[in-house]
Student: 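Quick one: this structure, given as structure tokens, is what I'll be asking you about.
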Amino acid sequence: MYWKLKLKTPKNITVYQQSAFQPDVWRILRGNKDDFLIYDRCGKLTFHITSPYSYLNFRYVEAAIMATYNTDYCGNCMGSSTTLEATSYISTGPNWEYSQHHSRSLK
């Protein structure tokens, strides 16, 4: 699966694969299979979207990516836009809850 994904991914996007000798990344990040963990430019977790909201036929993943791209959540990201256009998708979705410093998760 890794090589198939790597072949289809644009060259400017890095695809990572966990080695057998590394600690389990899902346990470290407190995630599960089918979760989407969205990070901002500073490397801070902005959204943790769990199943069933992570299914791509819903718009929550797209909205979280767009909101993270267009919003400066931590207030000091260099070179980021502060447009809030993408958050209109989020306001119509389920309740968002702050779970860490400035990360959000679906409840």
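Side-chain atoms are counted along with the backbone in the values below, which use heavy atoms only and exclude waters and symmetry mates. It should be emphasised that the depicted structure is a prediction, and the values quoted were computed from it without experimental measurement.
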Student: Can you name the residues that form a side-chain hydrogen bond (donor to acceptor under 3.5 Å, both in side chains) with N32, not counting sequence neighbours?
Tutor: none
Student: Run the side-chain contact (heavy atoms from CB on, under 4.5 Å) test against Q22 and tell me which residues pass, sequence neighbours left out.
Tutor: Q18, S19
Student: Any chance you could measure Y60, atom OH, to I65, atom CD1, to the nearest 0.5 Å?
Tutor: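 It comes to 15.0 Å.
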Student: List the residues meeting side-chain hydrogen bond (donor to acceptor under 3.5 Å, both in side chains) with S51, not counting sequence neighbours, and say none if there are none.
Tutor: Y55
Student: Please report the interatomic distance OG1(T50) to CZ(R30), rounded to the nearest 0.5 Å.
Tutor: 15.0 Å
Student: Holding to side-chain contact (heavy atoms from CB on, under 4.5 Å), I want the full list of residues that pass it with L56, two or more places apart in sequence or in another chain.
Tutor: F36, V61
Student: Starting at OG1 of T46, measure out to CD1 of I38 and round the result to the nearest 0.5 Å.
Tutor: 6.5 Å
Student: For L5, what residues pass the side-chain contact (heavy atoms from CB on, under 4.5 Å) criterion, not counting sequence neighbours?
Tutor: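 Expected list: T9, V15.
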Student: Measure from the side-chain N and O atoms of D35 to the backbone N and O of G31, and report whether any donor-acceptor pair falls under 3.5 Å.
Tutor: no
Student: Please confirm whether R59 makes a cation-pi placement over Y53, using NZ or CZ under 6.0 Å from the six-membered ring centre and within 45° of the ring normal.
Tutor: no
Student: List in chain and number order the residues that pass ring pair (Phe, Tyr, Trp, His ring centres under 6.0 Å) with Y39, two or more places apart in sequence or in another chain; answer none if no residue qualifies.
Tutor: none
Student: Could I get the full list of side-chain contact (heavy atoms from CB on, under 4.5 Å) partners for N12, not counting sequence neighbours?
Tutor: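 Scan of N12 (side-chain contact (heavy atoms from CB on, under 4.5 Å), adjacent residues dropped) gives P10.
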